[in-house]
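Only one structure is covered here, and it is reproduced in the block below.
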Amino acid sequence: MIRPDAELLLDITDLHASVEDQPILKGVNLQVRSGEIHAVMGRNGSGKSTLSKVLAGHPAYRVTSGTVLYRGVNLFELEAEERARLGVFLGFQYPVEIPGVSNLEFLRVATNARRLKRNLEELDTFDFEDHVQERLKVVQMDPAFLERSVNEGFSGGEKKRNEILQMALLEPVVAILDETDSGLDIDALRIVAGGVNQLANADNATLLITHYQRLLDEITPDYVHVMASGRILRTGGRELALELEQTGYDWVDKELAAQGVA
Amino acid sequence: MTSTSTRDLVSQPYKYGFVTDIETDKIEKGLSEEVVRLISSKKDEPEFLLNFRLKAFRHWLTLEEPDWAALGYEAIDYQNIIYYAAPKQQAKKASLDEVDPKLLETFEKLGIPLSEQKRLSNVAVDAVFDSVSIATTYREKLAEHGVVFCSFTEAVKDHPELIERYLGSVVSSNDNYFAALNSAVFSDGSFVFIPKGVECPMELSTYFRINSGDTGQFERTLIVAEEGASVSYLEGCTAPMFDTNQLHAAVVELVVLDDASIKYSTVQNWYAGDENGVGGIYNFVTKRGQCRGARSRISWTQVETGSAITWKYPSCVLQGADSVGEFYSVALTNNCQQADTGTKMIHIGPRTRSTIVSKGISAGRSSNSYRGLVQIGPKAKGARNYSQCDSMLIGDQAAANTYPYIRSQQPQAAIEHEASTCRISEDQLFYLQSRGIGFEEAVSMMVSGFCRDVFNQLPMEFAAEADKLLALKLEGSVG
Amino acid sequence: MAVSTSEHVLAPVQQRGQVALSRLGLPTRKDEAWRLTNLSRLEAVARMPISNVATASDAPPRMDGVVRLVLDGVNDPLEGVTLPEGLTPLEPKELELALGHSLDRCGWSDDWLIEFNHASAHQLLALRVRGTVPPLELVVAAASGLIATRVLLVVEEKAQLELLQVFSGRGEAAHSHLLEVHLGQEAQMNHGVLACADGLASLFAQLAVEQEPRSAYSLTSVVQGWSLGRIEPRVVQVDGQASTTLKGLAVADVEQQLAVHTSMCFEGPDGELDQLQKCLAAGRSHTIFNGAINVPRKAQRTNAAQLSRNLLLSDRARVDTKPELEIVADDVRCAHGATVSQLQEDELFYLRSRGIGASDAAVLLLRGACQEVVDLLPTHATAWRPLERVLEGLAS
């Protein structure tokens, strides 16, 4: 849903970032307004996952220049947990397993940290159980997963559902979903995409990072961006995704060659 | 980003480091046969006990201090220690109102209120200050059930036949260097007797406090559970901060008869020395339980966070058929602390079972060793053991060592041992942080998750406390 | 030539060893490394005269393409042998420099068994390996008295070696064998030790292996039937970044005592260890496993796994196992496990429910337990029928 008067949530300007001194992002520009769904596509190594990690504040990624304003605030002055509390959410491509830490307890602590920031009352154990039971429906998840350790022994699909469950609990303003579709069969993909659709509304925005068009059959983006060599090479509507599906990424090389960057 | 972090987090000040200013009755420094006799006469002991002490002392003289544990420390000068110190209040008071208010205040400050109004509702407490027991709560209520819970000194007076029968029957006076020393000079401790068929109506707890700077603490705990009896017992320990080392060499003996069970939990938070390893308690303790009866059970749970050096191996001798031994341990070392701890499970009787769960966390420049023995004797047909030893390393200067000995002479026994090493990974921390959980909380969540199997074994009242204690101890050490 | 050189080189080593032995004295049970050992048997070996007759070989015909060298204690192992390209004896100067180097790197000093070999070794084989060479077989047989041998292998950068060492023993006889291996960068060595005896002879085999980065060392040891057997591989990855595989099988019966003491040290980052030791104790025998793994601070990202699996097959046999892990690096994966049991009831039952008699089922399962390790021996080991030998030793 594109509305010109919508709030500018994320304003990325000429963003450069590196990992282990290897430049990955080389000047990303992107604006995301409330109500919008953006898809960032590109081949492996194009920098799309790096973009998501940088936005969430992963310590291994170093911003070398450029700015990111989140609702007018310099994102890079905030620790990872502070970004999360303010409503920036990263759905991980590979959610880590944390043995021994109860999933339910983890969800409760995280939810309350975010609620506190929104001046909402913290939920005690009992209220939280009710709250989470209701949110489980969004991803059709078995409550038994709450009793286990965070992601431990979860299948790929279960891990992704657990990610969307966290999104449902934290109610982020900007949700960045990194390759949420990878490793999912079509049924799981529908459930996860259904969750994302239910949670999207006029006051938040979603950034889908994906390699394939098939997720976009389930979630309709307002914008599609193609990343290559650490920059956004082209931006269009959803038809760009369909075009990519048919022609592949070969044209990207030509375009990069023409620009002398490849 | 993680640089602020765990390392500073661990080095929280020790909040029990104060000294109580109280007049004490101390004897001269040094150890000799006269000192042993003096301690015995101060306590007006029966002859059998004096003989027990003298025999232990004479044997101790023939022993050499063990050096096989992976520990390094300056030689202890046994002649430079005071072997008896007691707050000056003659004879145990009939009522708590007569106890020196300074002492009551000390324990209150430690979170162990003893007065009638404030005492913990379902926990009976024996408070031991330096070498002597100063108060035991709920004695009358326990007596109604036939449960004896009192200081060792009182037990010698009131139940000499029980003491004579059980003292040294599990840990003999010549068992090892520190046990022999303790047997010679022990000054007080706790005694618990649960008669046949009685389930102890409340948690029992002894709280040990070292106050004097130059005093060794040698207490002795003896718990006997008769047929079908059961009890849950907890000990806690703190000491003031001195820049010298104090020796703590305790002996704990547990005796469990048919169908009886003892659950023994320890939260050890002796002063650990400063971040450069100056000061702190040398904690050399012998703890052993004997499952004498069929279907008897002993469960040791320990949370070891303090002391400069810890050397202890709470053990179970599984004699009775179908008896069960358990050992659940969390040992956290930071700065220059050294811990060498573990257990021995000696399977003698048929179908005896044991479980060992050990979680070691090493931070700073500390060294944390698990040392265990699982021994299955030829008659322990159908015996089972399962052991799990996990280490978590925080920083690249801490050591985690694992030495699990296994010996079996019984083919129809099954022993299984698993061990792993892990650390708090940057990815795990980031994952939690990216959900809005602060760094310190994330670390503490992961550490307590790591220890969960052990904390689950602690009595409810203390599980949360142990969790907090660990978080506190670790503050500043991940990064 | 090798013999004359070795006499020349070994003479001072012998003297030093004799001095060290008289200083150390015989091991006692107070020493942790000897606590469980049958010391009277050790003393018997210590007193044993050095064998001075060449023992007749009981070796099967040599397989095509395999280079077989026989250390008989008397004759030059290289006499009459044309070494293939890539295998050359070490020059005397090189030998003097290289001998003892790997021992030092493995931190092996003041050890009774090492000094015993030093004092007694009267035969030395020292080879350099370049490029890829045909499979090598070193055969040592003991039939009367002590046969003390020493082997040094310098495996050059990128060289590849497949080595099978075969030890056999009959009657009142013993081996003292000391092997040093230096693996250059990217070198690969597949090492098999097949040591079977009649239950009377004794075996001491100390293996010191030094690995340069990106080298791969894989040891498969199969030890069976020694009155007193002790095999001690010690491996050091001098700069980490290497891969080490240690797979062992020890099978003991009647009164035998077999001990396997392994030690693995990572002295640099990114090293790997995959270790499995199986011990089977039948009769009144006693097996001992002691597995040390040392991961110092400089050995970040080490990945080590050790598993000790023990089968206790009789109620008069005894199993001792003692893993020892010492870790001072936080970014490591180190797992170890140990099990002691008899044959699994459910596996036995499964076989019996398919009509296989109880004793046949047990034999099948034992065979399977041994096969897992035996199959990893270098392929030309099949000529020695290793599985059959091991299982014959368990006939009781």
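Note that the coordinates shown come from a computational prediction; the quantities given were computed from them, not determined experimentally. In what follows, chains carry the letters A, B, and so on, assigned in the order in which the sequence lines appear, proteins first and then strands, with residues in each chain numbered from 1.
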(request) Please confirm whether B:F430 and B:F439 have ring centers closer than 6.0 angstrom. (result) no

(request) Sort out for me which of C:R316, C:E324, C:R297 touches chain B most, counting heavy-atom pairs under 4.5 Å. (result) C:R297

(message) So which residue, C:S341, C:A335, C:A338, ends up with the most heavy-atom pairs under 4.5 Å with chain B?
(response) C:A338

(message) Only pairs of heavy atoms separated by less than 4.5 Å count here; which of B:S420, B:P378, B:A398 has the most with chain C?
(response) B:A398

(message) One pair to check against side chain to side chain donor-acceptor pair (under 3.5 Å): C:S227 and C:E255. What are the steps and the verdict?
(response) CA-CA 7 Å; C:S227 166; C:E255 306 275 357; over 6 Å; no

(request) Heavy-atom distances under 4.5 Å only: say whether B:A413 touches chain C with side chain, backbone, both or neither. (result) backbone

(message) With chain B as the partner, which of C:D315, C:L311, C:V319, C:T339 has the greatest number of non-hydrogen pairs under 4.5 Å?
(response) C:V319

(message) Is it the case that atom NZ in B:K344 sees more than 12 heavy atoms from other parts of the structure closer than 6.0 Å?
(response) no

(request) Find the one option among B:A414, B:P404, B:A399, B:C422 whose heavy-atom pairs under 4.5 Å with chain C are most numerous. (result) B:P404

(message) So for C:T321, is it side chain, backbone, both, or neither that comes closer than 4.5 Å to the heavy atoms of chain B?
(response) both

(request) Under 4.5 Å heavy-atom distance to chain C, tell me which part of B:A400 shows up: side chain, backbone, both or neither. (result) both

(message) Are B:M345 and B:I356 packed together at the side-chain level, in the sense that at least one heavy-atom pair is separated by less than 4.5 angstrom?
(response) yes

(request) Can you tell which part of C:Q300 gets under 4.5 Å to a heavy atom of chain B, answering side chain, backbone, both or neither? (result) side chain

(message) Checking the side chain of C:E232 only, and the main-chain atoms of C:L113 only, is there a donor and an acceptor separated by less than 3.5 Å?
(response) no

(message) Is it true that, when you exclude B:R423 itself, more than 12 heavy atoms of the residues, nucleotides or ligands shown sit nearer than 6.0 Å to its CZ?
(response) yes

(request) Measure C:L36 against the heavy atoms of chain B and call it side chain, backbone, both or neither at under 4.5 Å. (result) side chain

(message) For B:Q338 and B:T310: C-alpha separation, side-chain torsions, deciding distance, then whether side-chain contact (heavy atoms from CB on, under 4.5 Å) applies.
(response) CA-CA 6 Å; B:Q338 303 174 58; B:T310 297; over 6 Å; no

(request) Sort C:D331 into side chain, backbone, both or neither according to what part of it lies under 4.5 angstrom from a heavy atom of chain B. (result) both

(message) Counting only heavy atoms not in C:R333 (residues, nucleotides, ligands), do more than 12 fall under 6.0 Å from its CZ?
(response) no

